Asker: 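Got a structure for you, written out below as C-alpha cells; questions coming shortly.
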Amino acid sequence: MAHQHGAARISAAVTAAPAAAVLASLALPAVLPVAEDVRLLLALLVVLPAVATGVCLALLSRSGARAWGGCALVCALSSLVLVLT
C-alpha cells in the first residue's frame, strides 16, 4: 500500500515537530538531578536528534491528525514538566 503524504502531515513535520522536540529537550534536563552546566550541555546535545526524530515520526504517522496529536501531546507533557519544576 502506498503511503500518501498529505499537507497536514508535512505541516506538522515542519512546524509542530521541531517545537515539540525543543520543549522536550528543555524538559528532560529540568528533571535530572545534576549540575546546571551539565543540564545545559545535555539539552544542547539532545535537541538535534530529537528534532530529526520528531520530523521523521510526524511524516511516518498514519494521518495528519495523528501527527498533530502526537506533537500536541509531547508539547503538553513537556510544558507540564517545565511548569511544575
Side-chain angles (χ1 to χ4, degrees):
M1 179 185 296
H3 201 108
Q4 297 177 354
H5 290 287
R9 259 184 279 179
I10 294 172
S11 64
V14 171
T15 58
V22 168
L23 276 174
S25 68
L26 291 174
L28 174 69
V31 296
L32 294 178
V34 294
E36 187 70 28
D37 55 346
V38 176
R39 288 181 189 178
L40 177 64
L41 179 64
L42 183 63
L44 291 174
L45 289 175
V46 168
V47 71
L48 287 178
V51 168
T53 303
V55 168
C56 290
L57 288 176
L59 287 174
L60 290 173
S61 64
R62 289 186 181 188
S63 66
R66 284 188 183 203
W68 280 100
C71 292
L73 180 67
V74 170
C75 284
L77 291 175
S78 299
S79 298
L80 183 68
V81 167
L82 287 172
V83 167
L84 294 178
T85 56

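None of these values were measured; they are calculated from a predicted model. Keep in mind that the numbers below use all heavy atoms, side chains included, and drop hydrogens, waters and symmetry copies.
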Asker: Run the side-chain donor-acceptor check on residues 70-83: report pairs under 3.5 Å with partners two or more places apart or on a different chain.
Answerer:
{"residue": "Ser78", "atom": "OG", "partner": "Val74", "partner atom": "O", "Å": "2.9"}
{"residue": "Ser79", "atom": "OG", "partner": "Cys75", "partner atom": "O", "Å": "2.8"}

Asker: When you look at Trp68 and Ser11, which way does the side-chain contact (heavy atoms from CB on, under 4.5 Å) test go after all the steps?
Answerer: CA-CA 9 Å; Trp68 280 100; Ser11 64; 3.5 Å; yes
Asker: Is it true that Val55 and Val14 fall in one hydrophobic cluster, defined by side-chain heavy atoms closer than 4.5 Å?
Answerer: yes
Asker: Quick one: side chains of residues 17-35, donor-acceptor pairs under 3.5 Å with protein atoms, not counting sequence neighbours, listed by atom name and distance.
Answerer:
{"residue": "Ser25", "atom": "OG", "partner": "Ala21", "partner atom": "O", "Å": "3.3"}
{"residue": "Ser25", "atom": "OG", "partner": "Val22", "partner atom": "O", "Å": "2.9"}

Asker: Please confirm whether the backbone N or O of Ala67 pairs with a side-chain atom of Arg9, one donor and one acceptor, at under 3.5 Å?
Answerer: no
Asker: So which residues get pulled into Leu57's cluster when ILVMFWY side chains under 4.5 Å apart are joined, directly or through others?
Answerer: none
Asker: Roughly how far, to the nearest 0.5 Å, is the OG1 atom of Thr53 from the CG atom of Leu48?
Answerer: 10.5 Å
